[in-house]
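This report refers to the structure that appears directly beneath it.
None of the values given here were measured: they were computed from a predicted structure. Quick note on labels: first sequence line is chain A, next is B, and so on, each numbered from 1.
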Protein chains: 2
Amino acid sequence: MKSDQENQLYSLLRKAGMKATPGHLTILSFIQKSKKPISSQDIINGIDRHLDPATVYRCVTKLKENGIIRQIDLRQNNAHYEFFDMAHHHHIICTGCGRIEDIEDCNLETVHQQILGQTKGFTQIKHHSLEFYGLCKKCNSKN
Amino acid sequence: MKSDQENQLYSLLRKAGMKATPGHLTILSFIQKSKKPISSQDIINGIDRHLDPATVYRCVTKLKENGIIRQIDLRQNNAHYEFFDMAHHHHIICTGCGRIEDIEDCNLETVHQQILGQTKGFTQIKHHSLEFYGLCKKCNSKN
DNA sequence: AACACAAACGCAAGTTACTTGCAATTAATT
DNA sequence: AATTAATTGCAAGTAACTTGCGTTTGTGTT
Ligand SMILES: [Mn+2]
Ligand SMILES: [Mn+2]
Ligand SMILES: [Zn+2]
Ligand SMILES: [Zn+2]
């Protein structure tokens with residue numbers, strides 16, 4: 001007897017042409033439950049069932065290739081990932097403690113056109129990465 | 001007899017409170033000459049005079065800490081750096097071949113205020129990182 | 001239900017990018 | 001010229017992945 005959430009992830013994987021293996025399901029579920037972008041190391045340390053690190057890295061790559069998760073760069077020493085079901089958004093990161101929040105507004109799609117006007121060497125923009133860095137209230141008051 | 005460029009870098013380092021050592025001068029000069037952001041590995045492989053990798057990593061960190069170079073994240077497996085004398089700008093990167101161009105316009109400082117209105121947990125934004133990814137003309141026509 | 005096969009897996013070994021400890025050297029101050 | 005703290009090279013160590021390979025497993029087909 002599978003839960004609704006398990007069934008949902010199962011069909012998500014199958015629709016993307018991926019096998020619904022323990023690795024894929026465990027990792028995907030863990031990323032979905034997380035409220036902020038996480039690294040492959042976070043997954044290796046955080047999952048209940050044991051998965052070999054090599055397996056985790058291979059699965060994360062596949063999930064990204066198939067557009068089920070997306071990569072976020074947080075200026076830490078490794079890539080982070082989040083579930084790719086929500087609206088296009090960005091992040092604000094505290095340079096003191098790493099606290100992270102979503103930023104919903106993003107009018108950059110209009111900027112894309114301006115840029116394509118400026119540049120001579122590029123013909124299309126596929127996506128962009130935008131992160132804001134600052135201090136959260138806690139870290140700001142510590143100073 | 002030193003060149004003008006050498007004297008310029010010398011005083012830049014001294015003003016920042018850094019010693020004008022072979023390591024600092026060689027690396028800084030190499031970054032300045034480069035027309036695009038480069039990685040520490042690029043420096044290790046590219047400089048004329050030999051410097052130990054450990055030295056290069058230590059120097060790059062110092063130059064960054066003192067605001068002489070700035071870090072750029074290009075979704076490659078390592079951080080890139082560029083000379084920090086020019087106007088605030090961003091980049092557009094070809095996902096096919098890595099070709100990179102500067103993007104001059106950036107009205108995000110106004111967006112900072114909007115974001116600080118939205119968020120409950122953050123009090124100030126120090127900087128942001130914005131990169132556009134697309135296809136250059138060459139890579140686009142290959143398809 | 002059994003079969004076939006590509007995909008996924010665990011394990012071990014290898015790689016890349018970077019860091020750290022330490023003794024010797026050197027740039028800047030006096 | 002003497003002093004001293006920062007820098008450097010070298011060697012060793014670490015963290016984050018990657019790759020090869022033999023075995024297992026999920027899935028489509030019979
Ligand atoms: Mn998010
Ligand atoms: Mn630039
Ligand atoms: Zn904070
Ligand atoms: Zn290209």
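Residue whose closest nucleotide on DNA chain C sits further toward the 5' end, between B:P22 and B:Q41: B:Q41.
Between the CD1 atom of A:I38 and the P atom of D:dA16 there is a distance of 15 Å, rounded to whole Å. D:dG26 atom C1' lies 8 Å from atom CZ of A:R14, rounded to whole Å. Protein atom CD1 of B:I44 is 13 Å distant from nucleotide atom P of D:dT8, rounded to whole Å. When rounded to the nearest whole Å, the span between CD1 of B:I27 and C1' of D:dA6 equals 15 Å.
A donor-acceptor pair shorter than 3.5 Å cannot be found between the side chains of A:H127 and A:H88. With 3.5 Å as the limit, one finds no donor-acceptor pair spanning the side chains of A:Q76 and A:N78. Checked by atom type, the side-chain pair B:Q41/B:Y57 shows a donor-acceptor distance below 3.5 Å. Remark: the B:E131 side chain and the A:S129 side chain contain no N/O donor-acceptor pair separated by less than 3.5 Å.
Near DNA chain C, defined here as any heavy-atom distance below 4.0 Å, the residues from residues 45-71 of chain B are B:A54, B:Y57, B:R58, listed numerically.
In this structure A:T123 satisfies the side chain to side chain contact (heavy atoms under 4.5 Å, CB included) test together with B:K137, B:N140, sequence neighbours excluded.
We find that A:K36 and A:E82 are not joined by a salt bridge, their nearest charged nitrogen and carboxylate oxygen being 4.0 Å or further apart.
Ring centroids of B:H112 and A:F132 are separated by less than 6.0 Å, placing the two rings close together.
Note that the first and last nucleotides of DNA chain C, 5' to 3', having any atom under 4.0 angstrom from a heavy atom of chain A are C:dA6 to C:dC11.
Here the side chain of A:S11 pairs a donor or acceptor atom with the backbone of A:N7 at under 3.5 angstrom.
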